[in-house]
Amino acid sequence: MFNPYLPYPVRIAEIRVETEDKNLRTFKFEFLDPDDENKFAYMPGQFAELSVPGQGEIPIGIASSPSEKGHVLFTVNRVGQVSSYMHNMKKDDIMGIRGPLGHPYPLDTLQGKNLLIIAGGFAVTTLRSTIIWLLEPENRPNYGKITFVYGARTPGLLLYKDEWMAWDKRDDIDVFVTIDREVPDWNYRVGFVPAVTKEVCPAPENTAALICGPPIMIKFTQPVLEEAGYTPDSIIMSLENRMKCGLGICGRCNVGPEYVCKDGPVFTLAQLNQLPKEY
Amino acid sequence: MPEYIVEENALKDFLQSISKGRVLLSPQGVGDKCQITETTPDKVTLNFTNTHISPKTLFFPQTEWLMSFQKDHSKPHPYVYQDLGDKAKSAVVFGIRPCDAKGLSVSNKVFQNDRFTDPYWKGKYESVIKVGLACKDPFPQCFCVAMGGSPYGATGLDVLAFPSEKGLGLKPITDEGAKLLAEANLKEADLSSELKSQEEAAIKAQGIPDDYSPIDHRGLLNLFQDPQWQSIAENCLNCGVCTFICPTCHCFDIQDEENSEGGVRMRNWDTCMSWLFTVHGTGHNPRPSKTERVRQRFMHKLKYIPMKQNGDRGCTGCGRCVVLCPVNIDIRSVALRMSTLNMQKQA
Ligand SMILES: Cc1cc2nc3c(=O)[nH]c(=O)nc-3n(C[C@H](O)[C@H](O)[C@H](O)COP(=O)(O)OP(=O)(O)OC[C@H]3O[C@@H](n4cnc5c(N)ncnc54)[C@H](O)[C@@H]3O)c2cc1C
Ligand code: SF4
Ligand code: SF4
Ligand code: FES
């Protein structure tokens, strides 16, 4: 019988410090058994439980795209027990991952649409996965205009710099990266995400918005989108709640009758409007 | 399918026969309480009310080892985690009450949901044949009828046993139950009319049932936002007793325990009454006070589960929490308040 609690063993192939405060590190994992990589078939927006023997498990969004073969990426913020322990782990250490869990962004039903992708802070992880996947030559023609708005407090807190700088040079995606306040040698935008969104968001017709960020950013960006004419079913978000099993069984991540782990974490605003605000 | 009869003095033989090659489980006294445990045919009694804690312990123990891990990955066959395996033994349980069998069938749909199957639960739940014992004289705390069940309900059972004039009546419910009885060489008997009149009398003995159906018709947000949750939660101590003894509460925590070489990953019962249950690593807590936590328990039982399980409630009326809550919070009066609360605050 398949055991969804049993992690696949992985090796840490690389650790990259992402932010200048060193609180975010990206872990590149390789499966010890190459077969496990096939079993771990995922799509952008899904997450996994990272499993450290003796420490426990944490749910983390998958930052790599399924089109990146041979490894999976996760960007981990240093918060508590497991994440801090991971920040002290070394290349070649062995641990476990289990998943993929949750539902991906509905990229299949979004075909033919323009996409407005909005990220704040380190919640950009699964949107990195999404953009890498969308920009693949076999996927890009299936979508309209792609607009990416990404903000952080300071330049040093922005993740994946090499990547978004490269995207900025392409003509099949419009990139607007912004920081809160002016600093020397900054060649991109200055201002909060909601303000930048207001300025650059495409017309709502045939457009969907994917939005991930801290609650405060979502709180102020949502009205901007609604004012611009985006309907609740075209605004797509990803929720976080405390989790253990990731399977809709242990009972702690529910928002009303829905489990964030099993039925989410991706929900449309239209769905969330029908649910209690317990997240 | 026919009914069967086991005469008074033949109970032991019957139990001997159905437990051949299987473990026999039945309610046994532990001090002044009783609990379903492994036993032998001579110790089985029909003389008990109901078990102190629900029989979920059979399939979902309070603490359960899930897997082991080792730390030295230089060994020849390294593993990070290894399944601690399914130790499920084939067994027959005799004397489970209809409310509990129904409650466990509700949990079964959580452990085997639309996306995932919990192998630890499934292995145990499905290797136990369930012979229920109907409640001819319901106990004072029982309200299975109001919750949509019956003292003679068969949901979640393979066989329903009931005290008949001629001995112990047995009604097969599932094919597995029919097979069990057919192999026991029992006397067939048509007990259907006796069964019917007994059930009617037992239902009547619970009095006129409360009508909780308005909960099903009220909107989710309308119920959730009802201002009366605060007064419902006022006396609650968040002790969690109601959730631990409940047949449908299935929530758990996962923890690792280790030594220098390795250790085990285990799960332990958890409770939504606890602040720690939902707190995020950042300190943010979606259910910061007991009002949200008490609301979660009752909404889960009486609204969320029915929404997900075709109207079946997550309370089956066993009455344990009514008896054991230290501050006398009574799910029946909460359900009544949920059925009648102010309707003007439409969401
Ligand atoms: C779907 C999903 C995707 C996610 N994706 C990412 C991601 O891509 N990157 C990322 O970095 N994170 C992500 N997270 C968040 C991440 O799961 C948590 O940060 C992580 O679980 C923290 O675990 P930890 O062991 O480090 O902290 P823990 O030690 O588990 O921290 C929580 C513990 O500390 C206690 N605690 C926390 N705060 C307090 C407090 N103020 N007072 C008392 N006790 C407290 C809690 O009770 C709990 O025991 C995601 C979460 C979800 C649900
Ligand atoms: S009432 Fe609480 S402890 Fe019981 S199943 Fe629901 S969430 Fe879990
Ligand atoms: S048993 Fe009573 S006091 Fe304890 S958590 Fe349940 S409702 Fe609250
Ligand atoms: S994490 Fe266990 S139910 Fe969602």
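Just so it is clear: chains get the letters A, B, ... in the order the sequence lines come, proteins before strands, and each one is counted from 1.
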J.: Anything under 30° is parallel, anything over 60° is perpendicular, the rest tilted; go ahead and classify His280(B) against His284(B).
T.: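 The arrangement is perpendicular - the two ring planes meet at more than 60°.
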
J.: Where is the tightest heavy-atom contact between Lys303(B) and Ile215(B), given as atom of each residue plus distance?
T.: NZ-O, 3.0 Å

J.: Thr282(B) versus chain A, heavy atoms under 4.5 Å apart: side chain, backbone, both or neither?
T.: backbone

J.: Between the side chain of Ser129(A) and the main-chain N/O of Thr125(A), is any donor-acceptor distance below 3.5 Å?
T.: no

J.: Taking side chain as everything from C-beta outward and backbone as N, CA, C, O, which of these in Ser51(A) sits under 4.5 Å from a heavy atom of chain B? Side chain, backbone, both or neither.
T.: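 Both the backbone and the side chain of Ser51(A) come within 4.5 Å of chain B.
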
J.: Can you name the closest pair of heavy atoms from Arg98(A) and Pro7(A) and give their distance?
T.: CB-CA, 3.6 Å

J.: Could you tell me which of Thr117(B), Val279(B), Leu66(B) has the largest number of non-hydrogen atom pairs under 4.5 Å with chain A?
T.: Val279(B)

J.: Under 4.0 Å between a Lys/Arg side-chain N and an Asp/Glu carboxylate O for Glu64(B) and Lys124(B)?
T.: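 Here Glu64(B) pairs with Lys124(B) in a salt bridge, since their nearest N and O are under 4.0 Å apart.
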
J.: Mind checking whether Met273(B) and Thr271(B) have side chains closer than 4.5 Å, heavy atoms only?
T.: yes

J.: If you compare all heavy atoms of Pro9(A) against all heavy atoms of Asp36(A), which two are closest, and at what distance to 0.1 Å?
T.: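 It is CD-OD2, 3.9 Å.
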
J.: With a 4.5 angstrom heavy-atom cut-off, which part of Cys253(A) approaches chain B: side chain, backbone, both or neither?
T.: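 It is neither, since no heavy atom gets under 4.5 Å.
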
J.: What pairs with His87(A) under side-chain contact (heavy atoms from CB on, under 4.5 Å), at least two apart in sequence or on another chain?
T.: Arg25(A), Val76(A), Arg78(A)

J.: Between Leu220(B), Val110(B), Asn259(B), Asn113(B), which residue shows the highest count of heavy-atom pairs closer than 4.5 Å to chain A?
T.: Asn113(B)

J.: With sequence neighbours excluded, tell me which residues meet side-chain contact (heavy atoms from CB on, under 4.5 Å) with Met89(A).
T.: Ile12(A), Val52(A), Tyr85(A), Met86(A), Asp93(A), Met95(A)

J.: Heavy-atom distance under 4.5 Å to chain B: side chain of Tyr8(A), backbone, both or neither?
T.: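 Neither part, no heavy atoms under 4.5 Å.
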
J.: Need one label for Phe69(B): side chain, backbone, both or neither, based on atoms under 4.5 Å from any heavy atom in chain A.
T.: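 The answer is the side chain of Phe69(B).
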
J.: Is it the backbone or the side chain of Glu292(B) that comes under 4.5 Å from a heavy atom of chain A, or both, or neither?
T.: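 Glu292(B) touches chain A through backbone and side-chain heavy atoms alike.
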
J.: If you check every heavy atom in residues 264-279 of chain A against those of chain B, which residues fall under 4.5 Å?
T.: Asn273(A), Gln274(A), Leu275(A), Pro276(A), Glu278(A), Tyr279(A)

J.: Using a cut-off of under 4.5 Å for heavy-atom pairs, which of Ile58(A), Ile249(A), Val79(A) has the most such pairs with chain B?
T.: Ile249(A)

J.: Parallel, tilted or perpendicular for Phe252(B) and Phe111(B), by the 30°/60° rule?
T.: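 If you compare the ring of Phe252(B) with that of Phe111(B), the planes turn out parallel.
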
J.: Can you tell me which portion of Met299(B) sits under 4.5 Å from chain A's heavy atoms? Options are side chain, backbone, both or neither.
T.: neither

J.: Is it the case that more than 12 heavy atoms not belonging to Lys39(A) sit under 6.0 Å from its NZ atom?
T.: yes

J.: According to the ring-ring contact (aromatic ring centres under 6.0 Å, His included) rule, which pairs have a member within residues 33-57 of chain A, sequence neighbours left out?
T.: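 Counting only pairs at least two positions apart or across chains, the ring-ring contact (aromatic ring centres under 6.0 Å, His included) contacts touching residues 33-57 of chain A are Phe31(A)-Phe40(A), Phe40(A)-Tyr42(A).
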
J.: Identify which part of Val264(B) has an atom lying under 4.5 Å from any heavy atom of chain A, answering side chain, backbone, both or neither.
T.: neither

J.: Answer with side chain, backbone, both or neither: which region of Asn285(B) has an atom nearer than 4.5 Å to a non-hydrogen atom of chain A?
T.: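 When you check distances to chain A, no heavy atom of Asn285(B) falls under 4.5 Å.
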
